[in-house]
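Taking it in order: structure first as structure tokens, then the write-up.
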Amino acid sequence: MDREVRVRFAPSPTGALHIGGVRTALYNYLFAKKQGGKFLLRIEDTDQTRFVPGAEEYIKEALEWLDISPDESPWNPGDCGPYRQSERKPMYMQYALDLVEKGHAYYAFDTSEELDAMRERLTAARVVSPQYNAITRTQMKNSLTLPEDEVKARLASGEPYVIRVKIPRKEEVRLNDMIRGWVMVHSNTLDDKVLMKSDGMPTYHLANIVDDHLMEITHVIRGEEWLPSAPLHVLLYKYFGWEDTMPQFAHLPLLLKPDGNGKLSKRDAEKHGFPIFPLDWKDPNSGDLVMGFREQGYLPDAFLNFLSFLGWNPGDHREIFSLDELVEAFSVERIGKAGTKFDINKAKWYNEQYLRAKSDEELANYLMQDLEKEGFTVEAGKAAQIAGLMKERATFPGDLWKEGKFMLFPPTTFDEAVLAKRWNQEAVSVLATYKEKLENFHEELTSESAKSLLEQSAAENDIKLGKVMQAVRLATTGVGAGPDLMAVFAIIGKEELIRRIGYALENLKIIA
RNA sequence: GGUCCGUUCGUCUAGGGGUUAGGACGUAUCCCUUUCACGGAUAAAACACGGGUUCGAUUCCCGUACGGACUACCA
């Protein structure tokens, strides 16, 4: 096949884009770019009742954040527009009618009450799966059972109707999924799905086939939840006479809950306290706020890398991939079949890797921004020093500020446990000497000079430095753990350091 | 219930008729070190079960179990 590869991501604007959807978009993007093709986005908004304002913007923003924006979309249309199904509404009826003419679809006038009654009747008769199919349609109100005159009259009178596909009674439907291989389904397990709804909108099934055909889609990469309806789609391609250009299907494994089983849901995010949406989202109807990876401090490259490994791997032992490297390494063949449990630890690990790979200067920007929000400023050089010292122990950019603020501000509290254990007369003696030496030191404090002065202070008191290090740290930073103390001292500066030691000497009580 | 899909360490996975079943996250221990972390090293940890086919099956086939998706005028 020498057609240009064209794939699409086709979300419904019904709320925040779920992480599974983001992964689907990513795989579509990677596949398109690897094949030198196009990645399009189509908004599937045929269900007007589920429309949620802002959802489309959310999708756009999420893809932009990850730098996987589509080549063609509602906001960047190509030659196959419109890219919103609601705006394509006038196009669908002719295709449905074409199927009616060919005898592959029919009008149905049943009310929802009548449909319910039918299902109840079948359930009562212990029919395993009550559905509108080759058998039951003979007992319903449709253009197959009603006299032609009446059908015409009903249509003419403006009575609501739907158009249903006429599924053949006995036919083996086969499709060759790129991930799962041959999948065969017997048509007698399929039902006469609605193609056109009574409101004049197509259902997903009709719209996605018509649009994929018109948009010259070559590969349909979507979630596994679509696999059961794929045979219907194959049948529709056949009825339309589009078999030659029918796209290849690839059904992606689902993203599962981290504990137990089942599809990953919003509930899991709340339960475990981690995001499953790319961006923060406030539901305009319920007012509920869900957190996003972006706002939690995940870096787009790290998140993307993490996401790409949820169901796919390059086949070697490499773990860190830029977007370009992912494109290069990607292949549908290497997508797994089994559902993937979501593990936030891995996401954090990726974030740490990407964070550490960043320059101190780049990280300093995060720190300065956070600080600004609190109403403070630091000079860039100092911010970079702090970032450099903190990045090895941070998961998120926000940790730089949260965990590193002691370098900018004196401690207000002192860790009780460390205090009880380490704060003793020896520490007090060393610190007193150290304070004096600092006061008489007239150069700028460097990490080397800070260390040398401290060593002298310990020696003069005949105390091994190691014995009091923890106490020194506690007195100057308030906690018992942190980056190299002498580097910290250099950042704090002599004057501030003297103040802090003075405060500790006056206020900390020896318990030990 | 029915249809379809799936099942390798706790998790993500590599592999594939004969392997010490490999890697990563996480966990544990050790080393480094002024602490914590980083880094390094080591360890514990898996082929769901039962039948076949075969000299040999984790790998192929068939069942079973378990899990999941779907089963709307939602996508």
Side-chain angles (χ1 to χ4, degrees), chain A residues 10-14 44-47 49-50 85 108 110-112 115 119 123 126-132 160-164 177 179-180 183-186 188-191 193-205 207-208 222-231 251 253-254 256-263 306 309-319 334 336-350 352 356 390-394 403 418 422 451 454-455 458 464-474 477 479-486:
Chain A
S12 262
T14 54
E44 309 236 324
D45 55 352
T46 54
D47 186 353
T49 64
R50 294 210 305 161
Q85 289 184 327
D110 315 276
T111 64
S112 55
L115 290 171
R119 290 191 192 102
T123 308
R126 293 195 301 177
V127 171
V128 282
S129 56
Q131 52 183 18
Y132 209 114
Y161 66 93
V162 300
I163 295 178
R164 286 180 181 272
D177 187 272
I179 294 172
R180 282 147 222 288
V183 176
M184 253 164 286
V185 178
H186 199 92
N188 63 16
T189 66
L190 268 27
D191 63 344
K193 281 265 182 294
V194 170
L195 263 20
M196 287 297 289
K197 299 187 269 190
S198 55
D199 66 357
M201 274 290 198
T203 58
Y204 167 82
H205 299 105
N208 113 84
R222 81 231 291 195
E224 192 186 344
E225 66 268 28
W226 296 109
L227 194 51
S229 57
H251 289 94
L254 262 16
L256 272 20
K257 295 174 184 297
D259 59 339
N261 297 292
K263 224 166 139 179
F306 164 69
F309 272 66
L310 253 29
W312 171 87
N313 75 84
D316 55 34
H317 287 160
R318 290 177 298 162
E319 303 274 348
R334 298 211 61 88
K337 294 175 169 63
T340 302
K341 278 187 186 156
F342 185 82
D343 181 12
I344 196 68
N345 275 326
K346 199 86 171 210
K348 285 183 181 167
W349 179 79
Y350 270 112
E352 287 162 1
R356 279 165 209 154
M390 293 306 298
K391 70 176 172 186
E392 299 289 284
R393 51 219 313 125
E403 312 289 328
V418 182
R422 304 285 187 179
K451 184 167 191 183
L454 184 59
E455 279 167 346
K464 287 187 82 171
L465 184 56
K467 282 189 76 178
V468 296
M469 256 336 252
Q470 286 279 84
V472 174
R473 180 181 290 280
L474 177 77
T477 69
V479 291
D484 178 66
L485 232 206
M486 299 309 121

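Sequence lines set the chain letters: A, B, ... in the order given, protein chains first and strands last, and positions in each chain run from 1. The structure displayed is predicted, hence computed values, not measured ones.
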At under 4.0 Å between heavy atoms, what does [X] touch on the DNA or RNA strands: base, sugar-phosphate, or nothing?
{"X": "Asp110(A)", "result": "base"}
{"X": "Leu465(A)", "result": "nothing"}
{"X": "Val183(A)", "result": "sugar-phosphate"}
{"X": "Met184(A)", "result": "sugar-phosphate"}
{"X": "Gly480(A)", "result": "base"}
{"X": "Arg126(A)", "result": "nothing"}
{"X": "Pro130(A)", "result": "nothing"}
{"X": "Ser198(A)", "result": "base"}
{"X": "Arg180(A)", "result": "sugar-phosphate"}
{"X": "Arg119(A)", "result": "sugar-phosphate"}

So which nucleotide does [N] pair with, by the Watson-Crick or G-U wobble rule with both distances under 3.5 Å?
{"N": "rU58(B)", "answer": "none"}
{"N": "rG67(B)", "answer": "rC5(B)"}
{"N": "rA41(B)", "answer": "rU29(B)"}

Checklist line | First of Glu225(A) and Thr46(A) reached from the 5' end of RNA chain B, by closest nucleotide | finding: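 Per heavy-atom nearest nucleotide, the more 5' residue is Glu225(A).
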Notebook entry, point to check: So which one's nearest nucleotide on RNA chain B is more toward 5', Asn313(A) or Pro11(A)?
Noted result: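 It is Asn313(A), whose closest nucleotide lies nearer the 5' terminus.
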Under 3.5 Å, N/O pairs linking protein and nucleotides 24-31 of chain B:
residue, atom, partner, partner atom, Å
rA24(B), O4', Glu319(A), OE2, 2.9
rA24(B), O2', Lys346(A), NZ, 3.3
rA24(B), N3, Lys346(A), NZ, 2.9
rC25(B), OP1, Trp349(A), NE1, 3.4

Notebook entry, point to check: Can you tell me how far P of rA75(B) sits from CG of Asn208(A), to the nearest Å?
Noted result: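 These atoms are roughly 10 Å apart.
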Please write out the pairs of protein N or O atoms and N or O atoms of nucleotides 61-64 of chain B separated by less than 3.5 Å, giving the distance to one decimal.
none

